[in-house]
Amino acid sequence: MACRKTRAANDLIQKWQKECSGMTGFLDIEVMELDLLSLESVGKFASTWNARQGPLHVLINNAGIFSIGEPQAFSKDGFEEHMQVNHLAPALLTLLLLPSLIRGSPSRVLNVNSNMHHLGFVDSNDLNVTSGKRKYNSVIGYSGSKLAQIMFSSVLQRKLPSEAGLNVMCVSPGVVMTNVARDLPRIVQTGYHLVPYFLFNAQEGARSTLFAATDPDIPEYCSVLKADDWPVCPYFSGDCRPTNAAAEAHNVGTAMKVWDKTLELIGLPSNTVERLIEGEVVPCKYCHQNTTEVEY
């Protein structure tokens, strides 16, 4: 479990252990620190994990932010916070962990997305929404970051050869009541919790993610889409069914621009995936050591 607040995570694991007492054995869950608002933290986490030289079977990029109604904010890395937490940091993490994911083949990368990507627009030259072409608000920041995530995932899925045994997909949890508003003013939090449109609790909202992570038929479905040269990565809805992403997500030209700009911003070379698959070491701006090579 990779998270910002390791103490809170360990407390939660202890709570789970007590709740599961008599139902199952010891919960073997390790907590590691990872702050998506710091690309250095992402690089440090990935370097530590890859140094183990072990397999990684499933990577679930679940963390995200939606600062409803809040003014535009930037990370210490200089990126708009929605774009960094929801897209840039998970993209960096996924690419840095490719060696471990391929060692764990057959493996999967799940990006927890949102239906709000349908409202999104991505300008690869203005991911921070600072050019003045668009007036920033939190919906623009959030929806754009989620659309960028799908576009990046789609390009990565197409670049991965079948023999790598790794599939990348996006999942919508549906409309879920979570603590996404935890950092907002109290009055905004109160309004958030009163909105009746939120249908699922956190456990129910996890269903589609767990389905995509474990269903044995998923790899075959991914292979069919890849064989048909489908332009978008596999996308699953909150009711655990394959669904179609927004029309803008099918824009292959824009997706490639988002891919290129993302690699530039996260400090990786444009041929990162190809080099890793060929077993080469890839330099990383935010890593304490180079991304390690892959052996099939």
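The distance from atom OG1 of Thr272 to atom CH2 of Trp259, rounded to the nearest 0.5 Å, is 7.5 Å. Interatomic distance, CG of Leu88 versus CD of Glu80, reported as 9.5 Å (0.5 Å rounding). Put simply, CD1 on Ile102 and CD on Glu163 are 9.5 Å apart, with the number rounded to the nearest 0.5 Å. Annotation: the span from Ile68 atom CD1 to Ile65 atom CD1 amounts to 11.0 Å, rounded to 0.5 Å. In this structure, OH in Tyr142 is found 7.0 Å from CZ in Phe66, a value given to the nearest 0.5 Å. Arg158 contributes atom CZ, which lies 7.0 Å from atom CE of Met256 (distance to the nearest 0.5 angstrom).
Within 6.0 Å of atom CD in Glu220, 12 or fewer heavy atoms from other residues, nucleotides or ligands are found, so the atom counts as exposed in its surroundings. Within 6.0 Å of the CZ atom in Arg52, the count of heavy atoms belonging to other residues, nucleotides or ligands exceeds 12. More than 12 heavy atoms of other shown residues, nucleotides or ligands fall within 6.0 angstrom of atom NZ in Lys226.
Side-chain contact, Asn167 with Gln157: a donor N or O sits under 3.5 Å from an acceptor N or O. In the model, Gln84 has a side-chain atom that pairs as donor or acceptor with a side-chain atom of Ser75 under 3.5 Å. Side-chain contact annotation: Ser41 with Asp35, donor-acceptor N/O pair under 3.5 Å absent. When only modelled atom types and interatomic distance are considered, Tyr235 and Asn113 share a side-chain donor-acceptor pair under 3.5 Å. If you check the side chains of His117 and Ser143, you find no donor sitting under 3.5 Å from an acceptor. Judged purely by distance below 3.5 Å, without hydrogens or angles, the side chains of His82 and Tyr136 pair a donor atom with an acceptor atom. A side-chain donor from one of Asn61 and Thr94 sits under 3.5 Å from a side-chain acceptor of the other. If you check the side chains of Asn244 and His250, you find a donor sitting under 3.5 Å from an acceptor.
Not a single donor-acceptor pair under 3.5 Å links the side chain of Glu248 to the backbone N or O of Phe121.
Using a 4.0 Å cut-off between charged side-chain N and carboxylate O, Lys261 and Glu264 make a salt bridge. Using a cutoff of 4.0 Å between basic side-chain nitrogens and carboxylate oxygens, Arg4 and Glu33 are not scored as salt-bridged. The residues Asp123 and Lys133 are annotated as salt-bridged, a charged nitrogen and a carboxylate oxygen being separated by less than 4.0 angstrom. Here Glu19 pairs with Lys15 in a salt bridge; the nearest charged N to carboxylate O distance falls below 4.0 Å.
Side-chain contact between Leu268 and Leu96 is present, with heavy atoms from C-beta onward closer than 4.5 Å. Residues Gln72 and Val129 meet the side-chain proximity criterion, which asks for heavy atoms closer than 4.5 Å. Side-chain contact between Thr130 and Phe74 is present, with heavy atoms from C-beta onward closer than 4.5 Å. For the pair Leu34/Leu93, a side-chain contact is recorded, criterion being any heavy-atom separation below 4.5 Å from C-beta on. The side-chain heavy atoms of Arg103 and Ser100, taken from C-beta on, include a pair separated by under 4.5 Å. Annotation: side chain of Ser145 is in contact with side chain of Met83 (closest heavy-atom distance under 4.5 Å). When side chains are defined from C-beta on, Val31 counts as touching Cys3, because their heavy atoms get closer than 4.5 Å. In this structure the side chain of Leu110 never reaches within 4.5 angstrom of the side chain of Val112, judged on heavy atoms.
Under the 4.5 Å side-chain heavy-atom criterion for ILVMFWY residues, a single connected hydrophobic cluster contains both Tyr221 and Trp230. Following chains of ILVMFWY side-chain contacts shorter than 4.5 Å, one cannot reach Leu147 starting from Met169, and the two form parts of different hydrophobic clusters. Clustering ILVMFWY residues whenever any of their side-chain heavy atoms sit less than 4.5 angstrom apart, transitively, puts Leu92 in the very cluster that holds Leu37.
In this structure, Phe45 has its ring center no closer than 6.0 Å to that of Tyr286.
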